[in-house]
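Predicted model, so just to flag it, every value in this text is computed and none were measured. Just so it is clear: chains get the letters A, B, ... in the order the sequence lines come, proteins before strands, and each one is counted from 1.
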Amino acid sequence: MTTAQSTPTIKISLMGRIMAPIRAVLDNPVLAVPALIVYMIAVTLILLGLNRSDPLFPLKSSLAFPPLVLSPFIVLSAKIDWRFKGLLVLAALFIFLPLIGMYDSSYFELVIQICIFSGLALGLNIVVGFAGLLDLGYVAFFAVGAYLWAMFTSPVDTYFKVNNMLVSANYFYLFIFLGVAVAATGGILLGLPVLRLRGDYLAIVTLGFGEVIRVLAVNFNSPTNFTNGSQGLDGVLRPTVPPFIPDIIMRVDQTLGIPISNANTLAQQMLFYLVAIVIIACIIVIARRLDDSPIGRAWTAIREDEVAAIAMGVPLVRMKLMAFAMGASFAGAIGVLYAAKQSFVSPESFSLNQSIGILAMVIVGGIGGIRGALFGACVVTLLNLQVLKNLSLQINNFKNIDAVMPPWLVAVILAVVGGWILWKLLKALWSFANRWFGNAKQAEQVRVVVWGVLVAAIALLTLQGSGFRFDDWPAQLEPAKYERLVFGILLIMMMIFRPSGLLPEPRRKMEMTAAKAEAEDGAIGGGG
Amino acid sequence: MVSTRATTDRTITEWLYRYVLFPIGQMLVFIVGAGVVVMVLAYLLAFLFPEPRPNIVLVDQINRQLPGMLIAGVSLGFVYAMIALGYTLVYGVLKFINFAHSEIFMFGSVIGYEVMRRISDAGAIQSWSPPLLIIVVVSVSMVCAGLLAVLIERVAYRPLRGAPRLVPLISAIGVSLLLTDAVRAIEAITRNEFNLTYPTNDLAWLKTPLPLAFGETTVNVRITSIIIIIGAVLMLVAMNYFVNGTKLGRGIRAVSQDMTTASLMGINVNFMISLTFFVGGSFGGAAGSLFGMNVGTVTPYVGFTPGIKAFTAAVLGGIGNVTGALLGGLALGMIESFLNGILVYFPALGQRYTDIFSFSVLILILIFRPSGLLGERVDEKV
Amino acid sequence: MALLDVRNVTKRFGGLTAVSDVTMSVAEGSISAIIGPNGAGKTTFFNLLTGIYVPDVGSINFGGRSLIGLRPDQVNAAGMSRTFQNIRLFPGMTVVENVMVGMHSRLNVSLVRTITRLGGFNKQEKRVRERASDLLNFVGLSGQGDEICRNLPYGAQRRVEIARAMASDPKLILLDEPTAGMNPNESKDAMELFRKVRDERGVTVVLIEHDMKVVMGISEHITVLNFGQTIAEGTPKEIQSNEKVVEAYLGRHAAGSSRAEGEA
Amino acid sequence: MRNKRFAVLVLVVVLALALSATFVGAQDAKVIKIASQTPLSGPQSALGSSMSNGVALAVEQLSGPLTELGYKVEYVPFDDQATPDVGVANAQNLVNDPAILAVVGHLNSGVAIPSSEVYNANNLVMISPANTNPRVTGRGFTTVNRVCGRDDLQGPTGARFVNELGAKSVYVLHDTTSYGQGVAEFFQKEAENLGITVLGYEGTTETANFEGVIQPILALAPEAIYFGGIYSQTGIFINQARAAGYTGYFVGPDGFDSSEFAQLAGEAGVNTYYTSVAGPATIYPDAAKFIEDYKAKFGEDPQPFAAQSYDSAAIALNAIYTAAVLAGDVPSRAAVASVVRATKGYKGLTGTVTFDAYGDNEVGLYYVLQVGSADPAAWGSNTLLKTLEIPSPYKALLDSGS
């Protein structure tokens, strides 16, 4: 208990030292706007200045890109007039990000994937965050949307092709709405029988439903071919690019002199980006309006106490169905977009892991909050598709250029890691020794001796060592193979250090602390 | 599993009845009951569906298939049941789904492999007596998996106690990702591969099928299926005694009833939770090594499917209920085995739809019994 | 004519008969009380009235309409609202939001209107908010609307619960031990509040209560339950002198079955 | 406090990595990169990393000519996690690195198809060592090629062989992946054409316990089982099936082709048949040397598609060399792609490669092999039963037309 009490004060002072000046600038209504503009321009310039032939490119890119993607969140946290906020966010979304995307289409791809996952996270947030229904099969509705568009446009010999039911690319926007409708219907159909189930029972049933949809996608190729089974549907149509997009790209190309390698792909990406932004904007507006309405209040009530809610006149099943259907419909819309973007749909994209990944986004970001869900989607997608990838690419680069880590650096790293582990061990040992002998002095002496040995070892390593050759990195430890391991560790860390999420809603944060305090009170007797 | 009341004048026969005969009898009833249902359904389908009716060839085939189907179902069911116990125990105490439990199962199977491989590498495997070998392998993996479960709880769940219930869930998913790749890394470095083949191929006694005659048909039963069944029964009996007949078990039950009150009663809640994880984990580990011996090869990814199935089984039986986990596991094993055996004869469907039908059964059961087969109807205090 | 008319209601849980053949009627505009030792089936009786449990036998008529088979939210919409023995507010929501949830059955909850904000949605929201703060004033919590419920003191939480129950504009309000855990002063304030509920808002009140001062001081009609059965009925005076009641209370209290009732 | 310490730790590591690069000498040589995209993590990573190793070995052994021209060849492995999203994101990443001139990949057709859209839009050549789905090359992309066989040729080969074995009934299994299901479907069609009774056609995702799958097979007693899947599944399956008393033939596609199969199946795997596009070591001596080198470098046996990956990388390197000589500089991607497509008679580890207009090998050699021993070390000496020359569909069309 004593350490638990002393921790916060230290945390504040240490974190404060780093955050205080930044916070001060963001809280200053005069300074914040120019500072943010300078910040965004600076990050953009850094990104534009990066060069793929630089061996450090992966590292630099994953250090510079996330700050740009996350800049809207920084803007939103600043204490400035909402009009400025809006303008700055719009600038980030429609000037800086596309600019970087034009320069290097992999950033565009990333941003589009972030948008797709943001949409999904927002939808799931309604189900899990607002209404408190744990849905582990959310990806099923995503699949419904994706297959809807794919089946009606893929040139593969499916039922629809054979019966001349294919539609042209112009129907794309209509199909987004159809995706909404079909997925919502699916949500209601699933919800009707199962929404009477409580908590974890619902989780297993939705999990089952997610798998069922995937298995159906795999097997609905016989006797009549609807989904083309595990072969998937390729050649899915993409919406036609309206001429204004290439125009803009051309103009940007001419005025800024950014070399553009593939204007067609770029225009296509730009279109998806815009569509995705529009969809997400709609989802955000809808989610906010729902949250701030009798429906949203009923959902919160259900989440907090089902019995009380129903006794106060909240029709449980109806409200739950609404949450289910709303969440599903968003996934349906995003699914249509996804199918068009990938131009290929196969059951592999709709695994349980995908559902869990989306859930992780919602919770990592801060459950129940719109901003949290978006932030979680950004962070998790960036981690998964950029930061971790780049980490392994970076080490691979080092391997390729025969980089050698200087001995002193190896020593320092070893010292830091080893020191940290030793510190932990000693602390445990120390408290044990204290309790055992009641002699603090001796334990302290042991500690000094061990630290001395450590320092000596570092010195020795530095003098003698030959450094670490990246070429010696064992093939079995290929970093690319362990991205998921690192992701797992990060998930655990995030949950332990920020259990209320990275960007918790103020209200939920309070709930969290209160609940935790209660739990701790309860556990005291348990001798914790 | 049985209602308990510590009686002061406990005679040996009473003890035997309560902790050995009754649970075994209960399992027998479950097995026989499930078997009868499966048989009736199989024949019903054979008579009803594919033309011509009644389809004599099909009935004959099902005749030949049934004994094997039943044994497969039971052994599968026991594996599910043993894993499901881990889910159910943890759920009972902490009210959260320990998603990492499937990886504990995997870990148990890998440890079982390591032990057996080491014995084999030492050239001793042929000279060990079969029961001793099995006991050593299973108990080592039980201890290791149990300890791992305790460690996981300590590192990844305890700091989150009191957080919203989804938070430990995500932490568990993190643990699950971490464990698979960590095991893979270790195996890849030390053994250069991660398809871990139990040295069962060298053991003639383990590979020899056991011919069992059922009327005119003879079925080759794999000896490993029998081992699973016997091992599981023994352990479930022990478990029943532990939970219902010992002081520690009473502590666990007290904590699962009401953590705060239990702590006020002087029960060390943290210890009890660790103990629960140890027991659940060791059952997962035992299931893992038995499973490994049965299937011959395990990988760091082997936990996923049985994990999900066992979770389903736990829910089917009523999560939090120990007998329910057993019943759910057996029921699910039977259902799967039955569907696998029968769907083959429906060309438009086929075994591919086994999972769909299993889940449909689950949903149906949950609709009529919203808290699972044996879950107590939770009438909330209003 | 009676507002609430309960006839021969019985509810069994397994072998236990929690409520047995209870008949009772509540006159419109009255304040009545249900008393009885712990475990007498009072809360179960409330749960039967509000649709949380369905009676095995018997009829419940409310305002001339049968409530049998209605879900709790439908009962609430029909004009019967309640509070809980162990406070069941939505602890993470603000006080005013709690009250607003209570109005749910009186609102036009349409998805389309919510998303488009058309069709008088904003007007409705404004009205809801005004009414909620009016109710908070009424129960004496003006200015505390934006507090998170969990942080309120106990007595205030009881008041919020009453405000929340009043929000659906009920004809009848069921209060389940509304003064439990209060000190005498607080109980007195609470009694005044109950009277106000009836006198100013015209809502019929039925309460379960252990505090005899409250019961005798406020109620016009008392029903006594024991072992799920009605053992006495009448005005406070009649009840006070009823031998059966005295026996039930003293006899039972000495034995002292302690745990909560209702759920058994 | 812990939070902070962790942050410091991360900071130090990042800083260290950054600093370490300052100790790298400047590079004079122009860099050419070859990338691979395979699943390096997850259940399919055994195959994926073996493929990646194959490419790495090829780059190490065969980049000599390019080095002499003054280029430095680097290898960049990507992990596609067997997931389309990740594959496409990686694809976008690697097309933006102008130094990458060729990609070897993928393992899963489901990932290859959407990713190749990106490659094709950027003229980046992809050579696939493992994607047997007809649609991979069927879309007319000039940049997509493969050295492996096609489902629609391999499956029927298996069926014809089963027919030759004299089996009258067969039970078809597949692993529900694009690869396994594809092969199994084409097998089934051909088997029905040949008059073999198909007693069952099942997909199973089971990877460990096949009890439920085996029971009905035993009841139906087919004379042969065809399993469209990968050794890690089929080896275990046959082991359990034999233990349960199945005695008929067991036939499969090139997913069986791994010494691991012998280990997993044990004695049960002996006399199993498989079709393969990779020539056995007995007729391709280079393959034996490849296995030796591979073992020496990575300490394990190569898995299926490792040799094909080596060949794919070799073709890419050759093409880059040719294009570089022609251009006198770092060649353009389009140039590399067209040289790759023009590959004729390249003698690789697994056979001779000549690409047709769709990027398929013009004449696919399909081998039927029989597992000879339960000893993994003896995998190389599996008996070659048959060699079939089958033209690619495009070639066949041309031939029939002329």
Inset, instruction - Scan residues 309-327 of chain B for pairs that pass salt bridge (charged side-chain N to carboxylate O under 4.0 Å, His left out), counting only residues two or more places apart or in two chains. - result: B:K309-B:E336, B:K309-B:D355
Legend entry - Listed once per pair and sorted, the salt bridge (charged side-chain N to carboxylate O under 4.0 Å, His left out) pairs that draw on residues 353-362 of chain A, sequence neighbours left out: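 For residues 353-362 of chain A: none.
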Under 4.5 Å from any heavy atom of chain B - which part of [X]:
{"X": "A:L136", "answer": "side chain"}
{"X": "A:I363", "answer": "side chain"}
{"X": "A:V212", "answer": "both"}

Given a strict heavy-atom distance threshold of 4.5 Å, which part of [X] is in contact with chain A: side chain, backbone, both, or neither?
{"X": "B:Y157", "value": "neither"}
{"X": "B:I319", "value": "both"}
{"X": "B:L169", "value": "side chain"}

Inset, instruction - Under 4.5 Å, counting heavy-atom pairs only, tell me which of A:L352, A:N353, A:V486, A:V218 racks up the most with chain B. - result: A:L352
Inset, instruction - Go through A:A311, A:G488, A:A308 and name the one with the most non-hydrogen pairs under 4.5 angstrom from chain B. - result: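 The option with the most such pairs is A:G488.
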Legend entry - Close approach to chain A in residues 93-103 of chain B, criterion heavy atom under 4.5 Å: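 Contacts with chain A: B:I97, B:F99.
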Inset, instruction - Just do the salt bridge (Lys or Arg N to Asp or Glu O under 4.0 Å) check on B:R184 and B:E187 with the steps written out, would you? - result: CA-CA 5 Å; B:R184 185 182 75 148; B:E187 290 300 331; over 6 Å; no
Inset, instruction - Indicate the ring-plane relationship of A:Y159 and A:F226, choosing parallel, tilted or perpendicular according to the 30° and 60° boundaries. - result: tilted
Legend entry - Spacing of A:L207 atom CG and B:T312 atom OG1 [to the nearest 0.5 Å]: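 Going from the CG atom of A:L207 to the OG1 atom of B:T312 covers 7.0 Å.
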Inset, instruction - Starting at CG of B:L362, measure out to OH of A:Y201 and round the result to the nearest 0.5 Å. - result: 10.5 Å
Legend entry - Heavy-atom pair with the smallest gap, counting every atom of A:N221 and A:G229: CB-N, 3.4 Å
Inset, instruction - Taking ring pair (Phe, Tyr, Trp, His ring centres under 6.0 Å) as the test, write out the residues that go with A:F375, two or more places apart. - result: A:F73
Legend entry - Reference residue A:L359; test side chain to side chain contact (heavy atoms under 4.5 Å, CB included); the match among A:L134, A:N125, A:D135: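 Testing A:L359 for a side chain to side chain contact (heavy atoms under 4.5 Å, CB included) against A:L134, A:N125, A:D135 leaves exactly one candidate, A:L134.
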Legend entry - Candidate list B:R161, B:R154, B:E153, test side-chain hydrogen bond (donor to acceptor under 3.5 Å, both in side chains), partner B:N270, passing option: B:R161
